[in-house]
Amino acid sequence: MHALVGENGAGKSTLMKILYGMQRPDEGTIAIDGAPVALHSPADAISRGVGMVHQHFMLADNFTVLENVVLGAEKLHGIGGKARARIKEISDAYGLGVRPDVMVEDLGVADRQRVEILKVLYRGARTLILDEPTAVLVPQEVDALFANLRDLKAEGLTVLFISHKLGEVLSVADDITVIRRGTTVASVVPSETDPRRLAELMVGSELPSPETRESTVTDTEMLRLDGVRLTATDVDGVERAVLDDIALRIRKGEVLGIAGVEGNGQAELVEAIMGMRDPDAGTITLDGTDISHAPTRKRREDGIGYIPEDRHRHGLLLEAPLWENRVLGHVTEAPNSKGGLLNPAAARRDTQRIVAAYDVRTPGIEVTAASLSGGNQQKLIVGREMSHHPKLLIAAHPTRGVDVGAQAQIWDQIRTARREGLAVLLISADLDELIGLSDTLRVMYRGRLVADADPATITPEELGSAMTGAASGHLESPAVETAGGED
Amino acid sequence: MSATATATKDTPTAPGKKPGSRMSVATVLLIVAGALVALSVLRALAGATQASAFENITSSGQIGAALSMAVPIGLAGLGGLWAERAGVVNIGLEGMMILGTFFGAWAGYQSNPWVGVLAGVLGGAVGGLVHAVATVTFGVDHIISGVAINILALGATAYLAKRWFEPLSDIGGSPKQSPQVDDIASFTVPGLSDGLATVENHHWFLVSDLAGLLGGLVTDISALTIVSILLFAGTFFVLWKTSFGLRLRSCGENPTAAESLGVNVYLYKYAAVVVSGGLAGLGGVFLALVRSHIYNEGQTGGRGYIGLAAMLFGNWRPGGLAMGAGLFGYSDALQLRNGGATVHALLLLVAFGLALLAGRRLYRKRYVAGAVSGGAAILLVLWYALTDTVANDLVPATPYIVTLLVMGLAAQRLRMPKANNKPYRKGQGT
Amino acid sequence: GSSSEEATKNAGVGLAYDVGGRGDHSFNDSAAKGYDRALKDFKVKGKELTAKDGDTDADRYDKLASLAEAGYDPVVGVGYAWTPSLTKAAKKYPDTDFGIVDSVVDSKNVASLVSAEHEGSYLAGVAAGLKTKSDKVGFIGGTDSALIKKFAGGFQQGLKDTNPKASLDVQWVQVGSPKGFGMPDRGKDIAEGMLSNKVDVIFSAAGGSGAGAIEATGKKKGTWSIGVDGDQYYDKGLAPYKNAILTSMVKNVDGSVYDFIKSVVKTKKPEHGVQSYDLKRGGVGLSYSGGFIDDIKPKIETAKKKIIDGKIKVADTYK
Amino acid sequence: MKKFDKERVLLAVAAPLLALVAAFLLTALVLAATGKAPFDAFGIMFDYGVKADSQVYILNKATTYYLAGLAVAIGFRMNLFNIGVDGQYRLAAFFAAVVGGALGLPGLVQIPLIILVAMLVGAMWASIAGLLKVYRGVSEVISTIMLNSLSSILISYLLVDGRLADLDKQTNIVATDPLPSSSHFFTIPAGGDLDPIWGFIVVAALAGVGFWFLLGRTRFGFDLRAVGRSESAAQASGVDVRRMVLTSMLLSGAMAGLIGMPMLLNDTHQFTSDFPAGIGFTGIAIALLGRNNPVGIALAAVLWGFLERGANRLEFEGYDKEIVGVMQGVIVLCVVIAYELVRRYGLKRQQQRVGAELAAQARTSDSKKEVAV
Ligand SMILES: Nc1ncnc2c1ncn2[C@@H]1O[C@H](COP(=O)(O)OP(=O)(O)OP(=O)(O)O)[C@@H](O)[C@H]1O
Ligand SMILES: Nc1ncnc2c1ncn2[C@@H]1O[C@H](COP(=O)(O)OP(=O)(O)OP(=O)(O)O)[C@@H](O)[C@H]1O
Ligand SMILES: [Mg+2]
Ligand SMILES: [Mg+2]
């Protein structure tokens with residue numbers, strides 16, 4: 001089991017895509033089983049026993065597991081009963097617990113990942129590449145995954161996996177390769193290194209930490225949710241609750257972190273607070289005014305800043321110039337417009353200011369947002385939202401997919417604003433970030449807030465058990481059943 | 001609960017349930033049966049003067065005409081289905097149908113109609129190929145490319161008709177019309193057809209309606225109609241039961257995933273769009289060689305678009321599409337053949353259906369929606385009672401209104417292929 | 001105008017068809033026949049232009065003007081749609097002789113070649129009323145235009161006057177659009193619908209769409225079609241069904257066009273003003289080809305005489 | 001990077017030029033293949049198209065096409081495909097003609113009133129599709145196509161002697177009551193014995209400026225363009241997308257209502273069953289050609305007028321005027337492909353340049369640091 005580590009954008013995925021034939025190297029050779037090969041397409045790689053589980057799952061939601069697995073490999077066992085039998089066989093052999101006739105859209109993240117692994121095994125792969133397989137899993141699921149992987153290793157398969165999480169890398173990998181800016185900087189074995197040294201190799205300097213020391217929490221309540229309920233109707237016409245009886249409050253100067261496995265209602269919670277979805281019941285109060293049913297624009301004007309989870313879908317107009325992106329979301333506010341009219345000159349000037357102040361690396365403000373790198377796009381968004389001095393900032397995965405330097409800057413900006421009385425709702429899959437930045441932690445599971453915790457004392461493992469529904473209540477109190485000990 | 005098998009994406013409850021938006025065959029049959037019974041009851045209730053208008057609703061002639069009007073729409077829709085299942089919206093169906101009518105008749109009058117069929121399919125397929133080049137290779141917006149193809153097909157056929165058909169005026173050609181093409185064979189099931197006709201003419205409660213319905217399906221059916229029905233079945237088989245179909249559909253759901261599994265997405269998209277054009281071309285041929293015997297400028301009359309609507313109505317499935325096409329063909333044939341009196345009778349039937357819908361909605365506690373349907377039903381009944389026919393110059397609106405109504409009722413439950421109408425570039429997926 | 005020296009010498013006959021043009025198997029073709037005959041008989045040259053879908057009056061004017069500009073004389077507009085543009089062109093080119101079919105343009109240099117379609121249709125109604133056994137008769141109009149309603153109105157009156165018991169079912173192939181003249185498939189569907197409702201005589205004033213109706217009656221024994229414009233008994237495309245064509249309501253557009261061209265190029269005494277081609281002048285009438293209505297000829301002739309004598313006033317629209 | 005850089009302008013011009021050249025070559029091929037001398041045909045079109053009376057004709061035609069292009073472009077700007085402009089303008093012109101014919105107010109009051117009626121009717125007819133999309137999720141492409149057919153049926157139901165129109169038995173023309181001469185729009189004399197230029201061209205130009213101003217200079221326009229670029233981002237930014245769909249459908253319909261006005265107020269002064277149909281579809285082609293940009297649409301409208309003028313002449317010279325239909329189709333197809341190619345090339349170029357400039361910046365700042373150290 002070989003681990004590949006490196007900071008965001010180091011080129012790990014790119015390297016793996018080359019190995020899997022999805023991209024072609026400009027120079028250099030690849031050898032499989034000692035023989036040099038030229039991989040022109042995934043089909044080439046597959047035929048040589050290389051299989052890959054991508055960072056973003058490659059599954060068709062509207063297909064069954066069976067269809068997803070046999071796609072592209074119909075020659076092996078057809079697309080019917082024989083294939084189904086083979087899937088069951090593999091699933092049982094490695095304890096994957098995959099049901100072939102379920103729709104993929106009905107599966108959770110961990111199950112989807114197992115489908116991905118099964119897809120690779122079904123094709124008889126001998127080399128298994130996993131790109132950041134643990135990023136979206138809770139610690140317990142990670143353990144289960146590694147157990148599966150060890151089984152595979154025992155069968156003689158080669159496993160190559162990518163991760164940022166140095167702890168898990170050190171615990172399971174047999175070899176580690178560190179890459180930085182597209183080149184290998186070190187090859188180490190776990191026994192001869194420790195997380196600190198590995199981190200320094202990765203970044204070239206010390207890793208930043210999201211730790212916040214002094215508390216700035218005040219008594220003034222900024223956001224309050226009471227009994228918020230949101231239902232959605234699925235294709236069958238069945239109504240179900242995606243948010244159920246949500247109650248929370250965030251005070252000025254407080255960062256409230258929400259932990260949860262993706263798809264448990266965090267996105268809907270954000271959308272309800274932003275006004276993109278109208279709650280069926282309950283109230284949302286911002287700074288003393290009821291905004292339960294106010295339109296999104298009103299809420300933004302009233303001082304909610306929003307760093308969306310998916311910046312390409314919700315944060316930017318990719319083909320518009322930077323200054324128009326600076327206007328986005330604040331078109332009714334100064335300096336972007338006056339009366340009903342835009343003020344492009346002022347917006348441009350202010351964009352220049354943001355670019356300078358937030359260190360957005362760009363040659364100018366007339367280039368399209370699409371031509372910036374992800375980290376710089378994110379800095380622009382943060383700068384834009386902060387420029388309007390929000391009372392409440394909703395930050396969903398604010399550092400997802402940005403490099404370490406940008407990450408540190410964004411953390412700094414959140415901390416600074418918090419000191420000045422900003423209330424922050426933080427949602428993140430990165431439990432270290434969540435624990436490090438938050439003043440209070442809540443855990444979301446199946447549309448409900450099931451547990452809370454004190455970030456000063458909680459560990460990622462404890463949070464993880466609550467995220468899978470195994471624990472609830474106040475996780476810190478010894479009186480309540482909690483998973484694992486505290487440190 | 002175990003540590004792993006838990007959270008579900010977007011659906012915290014009821015995991016493992018298949019989306020059941022598609023209607024089963026049994027449900028469809030049940031609806032048809034219910035409508036027939038309702039019709040029989042209504043006819044019994046209506047006075048003798050109105051009875052013949054009601055009889056037209058299920059006469060074998062009406063059903064036969066409905067079928068022949070439904071087939072071209074269905075074929076266009078089937079073309080749309082192929083393309084959209086592979087993720088390409090094809091609004092150029094209209095243009096591809098035009099190519100089908102033109103080349104079908106052009107080759108047909110020179111040799112025999114079956115050569116015409118082949119030429120028309122090829123003509124449509126070439127249109128599909130152009131669409132594939134524009135959308136798949138060059139990445140042009142699908143709808144824009146489709147609109148451009150419609151303009152081009154219209155221009156090109158008008159030009160070619162002028163060049164090729166005008167000199168043939170002594171055998172019936174003109175700049176807008178081709179010479180006559182021989183008939184394509186049509187079949188009548190011997191015995192059965194006559195027997196059913198006899199039963200139908202007795203006007204027995206329910207039995208005659210059924211006889212009319214079946215009679216229309218076994219009398220004077222064109223060979224091309226049979227081919228079309230086979231194509232529907234074949235499409236279902238190919239797209240849902242073969243690995244080719246699985247790959248093709250995967251390009252419409254998640255092309256990046258398909259690409260990562262070694263599927264040549266461009267190839268499948270090309271195949272789908274070319275087949276799509278061929279099917280639309282066949283629809284055009286049907287118009288030119290079965291419904292008429294000539295190419296006639298403007299013959300398609302927007303059926304490509306209506307086919308697309310039928311496909312949406314059918315939720316991107318052949319069965320649903322057939323129903324959608326049937327519905328349009330039926331209402332068009334009804335207004336065309338029988339005019340105001342029968343459309344007037346139809347009002348009562350629709351009112352009846354709306355009343356049922358209202359009841360269902362009220363039962364489900366959707367009071368506003370229920371009240372709307374109920375109100376509409378009452379208005380229709382009033383309209384029916386206060387008049388005794390629908391003005392003949394308004395009757396042609398029937399199929400369009402029916403389509404709008406049905407789309408309005410059905411559209412929200414639809415689920416299109418996920419990657420439909422999305423640009424796809426090889427190697428650029430995330 | 002820019003170049004007027006061309007206008008001095010006569011270039012021949014200019015003919016501007018309506019949408020559909022030569023080869024529409026309908027009245028454009030009829031006009032073409034008269035034009036062809038005139039060109040041959042008087043040994044003159046000519047130029048034909050055709051309006052297209054979506055042409056505005058400005059486009060139509062452009063066509064007439066370029067014909068007049070190039071020295072064509074006379075210039076004939078086939079169809080009432082030329083009315084506004086021809087009115088304008090006649091004013092602009094007072095030395096050119098214009099003709100217009102199916103409409104009236106009030107100008108010194110224009111001959112308005114109108115036909116009494118309602119009178120001919122009345123006779124068709126008489127024939128239908130006498131020939132129907134089921135007392136159910138149908139009329140299929142290409143579109144619900146005023147001109148076609150002239151056919152329908154006359155037909156209805158003739159039918160009712162002859163056979164008061166008979167009912168008339170009137171349908172349009174396509175409302176609001178001249179496309180209804182080129183849809184034989186829909187014509188056939190309408191006819192089949194009528195036949196299944198026991199209609200046994202159908203008069204179609206629907207251009208090419210009428211061929212579909214004739215086909216439908218040709219395939220059902222004991223039912224009749226009445227043709228329109230030309231004598232459709234001799235239509236090559238309809239040969240298999242000619243025995244179902246009871247008669248045709250002939251409208252001699254070819255004759256009127258021929259006469260007008262003749263008056264300009266041959267006799268040099270251009271017809272001007274309204275030239276009414278009615279029953280009296282032989283501009284419209286019934287054909288007896290096939291001999292299917294020979295038995296009722298006396299009754300038809302009586303009706304014809306009454307109309308000519310003004311004893312019967314035929315309605316010129318359908319309501 | 002400068003605000004206007006040469007490369008971008010060059011690219012913007014390159015696309016339509018490339019497409020036009022390709023289109024002419026393709027058309028020439030078709031002509032040659034069917035045994036006609038292609039360049040003679042182009043020559044005839046050109047010679048005729050630049051004559052003074054042709055220019056008046058082209059301007060008048062372009063006025064109508066320009067409005068049609070704008071109406072379609074409003075929808076396109078936010079990814080709404082209003083295929084129903086055709087039905088909207090016809091219905092609008094019909095009711096405007098009815099109202100105009102019924103009233104005898106002074107022109108200063110009546111002309112604006114007629115225009116207002118047209119815009120309202122157009123907007124209302126378009127709103128049906130908007131409402132269906134917003135509340136029932138019906139694709140506007142489908143519903144507007146159905147509504148086109150319905151509007152023809154509705155018009156021919158009402159355009160009947162005794163309903164909202166009168167029949168002139170002499171001419172067989174059924175028309176609405178003619179507008180009183182006070183309601184005739186002013187014309188601009190073109191000199192000589194040429195026909196005048198329709199005064200409505202001024203309104204069209206104002207509509208173009210309004211379009212540019214509304215989309216480029218107002219909050220509303222920003223929101224509309226944002227929806228067109230990314231519906232999800234627009235929604236997150238606070239745009240009420242559903243209302244936006246409805247509003248822009250209304251705007252598009254109102255603009256469509258203007259399409260028939262130059263013809264009605266400057267030319268025919270009444271609505272007959274021959275009132276031109278199909279201009280809505282021409283508008284789609286023109287909006288695509290003009291890239292939804294007010295200046296581009298103007299050029300496209302003029303090009304279209306030029307082609308049609310040429311077509312009229314081609315027939316006279318013994319060519320098949322239908323070739324112009326081929327030409328139009330080929331131009332539109334080439335243009336959309338060329339735009340897409342240029343767009344993608346431009347985006348890639350820009351990304352590369354941004355990358356290069358950043359790398360250069362990084363190098364200079366690195367060397368500065370070294371100096372400082
Ligand atoms: N063909 C290319 N040309 C230029 N730059 C590219 C190309 N492909 C990838 N990149 C850039 O190279 C960098 C490496 O990307 P890659 O996705 O491999 O990073 P990663 O190490 O997997 O990061 P993460 O941890 O975010 O997954 C990114 O900045 C990416 O934008
Ligand atoms: N990637 C590109 N490649 C080539 N040209 C481009 C590109 N992006 C923008 N342009 C050019 O820049 C100009 C402005 O583009 P666009 O019309 O999208 O901007 P806009 O701000 O919406 O304009 P408007 O003034 O109409 O509001 C256009 O003329 C276009 O041709
Ligand atoms: Mg990456
Ligand atoms: Mg990666």
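Naming convention: chains lettered A, B, ... in sequence-line order (proteins, then strands); numbering from 1 in each chain.
- Top candidate by heavy-atom pairs under 4.5 Å with chain C, chosen from D:Ile279, D:Asp195, D:Thr272, D:Thr282, is D:Asp195.
- Interface remark: D:Tyr48 contributes side-chain atoms only to the contact with chain C (heavy atom separation under 4.5 Å).
- Contact check for C:Val175 versus D:Tyr157: no side-chain heavy atoms found under the 4.5 Å cut-off.
- Interface remark: C:Thr50 contributes backbone and side-chain atoms alike to the contact with chain D (heavy atom separation under 4.5 Å).
- Under 4.0 Å is where a charged nitrogen must lie from a carboxylate oxygen, and between C:Asp59 and D:Lys61 at least one such pair does.
- Salt-bridge check for C:Asp62 with D:Arg309: passed, with a basic side-chain N closer than 4.0 Å to an acidic carboxylate O.
- In terms of heavy-atom pairs under 4.5 Å with chain D, the best-connected choice from C:Thr317, C:Leu147, C:Val274 is C:Leu147.
- Heavy atoms of other residues, nucleotides or ligands lying less than 6.0 angstrom from CG of C:Asp106 number 12 at most.
- Residue contact with chain C, scored on non-hydrogen atoms closer than 4.5 Å, involves the side chain of D:Thr268 exclusively.
- Using a 4.5 Å cut-off between heavy atoms, C:Tyr318 does not touch chain D at all.
- Checking side-chain atoms of D:Gln170 against main-chain N and O of C:Ser103 turns up no donor-acceptor pair under 3.5 Å.
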> So C:Tyr80 and D:Asp274, side chain to side chain contact (heavy atoms under 4.5 Å, CB included) or not? Walk me through it.
Replying inline: CA-CA 10 Å; C:Tyr80 64 83; D:Asp274 283 321; 4.0 Å; yes

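- Of all the heavy atoms in C:Ala146 and D:Val174, the pair that sits closest is CB-CG2, 3.6 Å.
- Here the side chains of D:Lys169 and C:Val104 are not in contact, with every heavy-atom distance at 4.5 Å or above.
- Taking C:Asp57, C:Val19, C:Leu49, C:Asp144 one by one and counting their heavy-atom pairs under 4.5 Å with chain D, the maximum is reached by C:Leu49.
- Taking both residues in full, the closest heavy atoms of C:Lys150 and D:Asn172 are given as CD-OD1, 3.9 Å, listed atom of the first, atom of the second, then distance.
- When heavy atoms are compared at a cutoff of 4.5 Å, D:Leu167 approaches chain C solely by way of its side chain, counted from C-beta outward.
- Using a 4.5 Å heavy-atom cutoff, the side chains of D:Glu315 and C:Lys63 are in contact.
- Annotation: side chain of C:Leu67 is in contact with side chain of D:Phe316 (closest heavy-atom distance under 4.5 Å).
- Within the 4.5 angstrom heavy-atom criterion, no atom of D:Asn60 approaches chain C.
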